[in-house]
Amino acid sequence: MDHLEPIRRGYYAIGLGADEDVRAMLDQSGSEPACWEIRRFSLRHRSRPAGEVAALALFGGLPEQFELVGVRVTTWLPDERRARLVVGGQFRLRVRGTWDALELPFSHVWSFAGDQVQSVHNVLEGFEVRRLPAALACAA
């Protein structure tokens, strides 16, 4: 299996309750899950832990009244020379307790070191999910 397949499966699993596929996008399954932080690009660089399912952070912090119900990938552009993957499309939100839904665009740039994801830049929202060095403990 190539190293992009867990990412592809994760995008299709988001919103379907397939948590293991979503965790696998960023190496968060298994006995030693990877630790991630969210780094926001602003005048002051701020970081915080990405959480138990870091891949969900790629779609931003949703207000309480919304739930993420699916993702439609329309762009999948691997660049082996630069060790990058550009993924774009729309994610679908539903207002909790209703059938009212809306779609919002996303654009993510994945960066790799070997076969391992090092960071994912959420281009439209201006933040990055970044792998912490293995020596650092995950924050609760």
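For this chain, numbers begin at 1 and follow the sequence in order. Values in this document were obtained by computation on a predicted structure and should not be read as measured data.
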Stepwise side chain to side chain contact (heavy atoms under 4.5 Å, CB included) check, R131 with E37: CA-CA 7 Å; R131 182 185 293 267; E37 71 176 354; over 6 Å; no
Nearest 0.5 Å, please: how far is [atom2] in [Y] from [atom1] in [X]?
X: L58; Y: N122; atom1: CG; atom2: CG; result: 6.5 Å
X: H3; Y: Q116; atom1: NE2; atom2: CD; result: 11.0 Å
X: R23; Y: D27; atom1: CZ; atom2: CG; result: 13.5 Å

Those residues that, when tested against Q65, pass side chain to side chain contact (heavy atoms under 4.5 Å, CB included) (two or more places apart):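 So Q65 forms a side chain to side chain contact (heavy atoms under 4.5 Å, CB included) with P63.
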Contacts of A54 that satisfy side chain to side chain contact (heavy atoms under 4.5 Å, CB included) - sequence neighbours left out: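 Expected list: L26, Q28, W36, A50, V129.
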Under 4.5 Å between any side-chain heavy atoms of [X] and [Y], yes or no?
X: P6; Y: M25; result: no
X: L124; Y: P105; result: yes
X: L4; Y: F112; result: yes

Audit row: Y12, D21, side chain to side chain contact (heavy atoms under 4.5 Å, CB included) steps and yes/no: CA-CA 9 Å; Y12 290 108; D21 284 335; over 6 Å; no
Chi angles and distances behind the side chain to side chain contact (heavy atoms under 4.5 Å, CB included) call for V120, V109: CA-CA 5 Å; V120 188; V109 178; over 6 Å; no
Validation row, ring centre F66 to ring centre F59 under 6.0 Å: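 Not under 6.0 Å, so no.
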Partners passing salt bridge (Lys or Arg N to Asp or Glu O under 4.0 Å) against R82 (at least two apart in sequence or in another chain):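 Salt bridge (Lys or Arg N to Asp or Glu O under 4.0 Å) check on R82 returns D79.
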Count I, L, V, M, F, W, Y as connected when their side-chain heavy atoms are under 4.5 Å apart, and connections chain through other members. Are [X] and [Y] then in the same cluster?
X: V69; Y: L104; result: no
X: I14; Y: V95; result: yes
X: F127; Y: L68; result: yes
X: V123; Y: W110; result: no
X: W76; Y: V22; result: yes

Pairs involving residues 97-106, ordered by first then second residue, that meet side chain to side chain donor-acceptor pair (under 3.5 Å) (sequence neighbours left out):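 Qualifying pairs: none.
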Pairs flagged by salt bridge (charged side-chain N to carboxylate O under 4.0 Å, His left out) wherever residues 120-129 is involved - sequence neighbours left out: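 Listed once each, the pairs are E128-R130.
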Enumerate donor-acceptor pairs with a distance under 3.5 Å from any side-chain N or O in residues 83-92 to protein atoms, sequence neighbours excluded.
{"from": "R84", "atom 1": "NE", "to": "S111", "atom 2": "OG", "distance (Å)": "3.2"}
{"from": "Q90", "atom 1": "OE1", "to": "R72", "atom 2": "NH2", "distance (Å)": "2.7"}

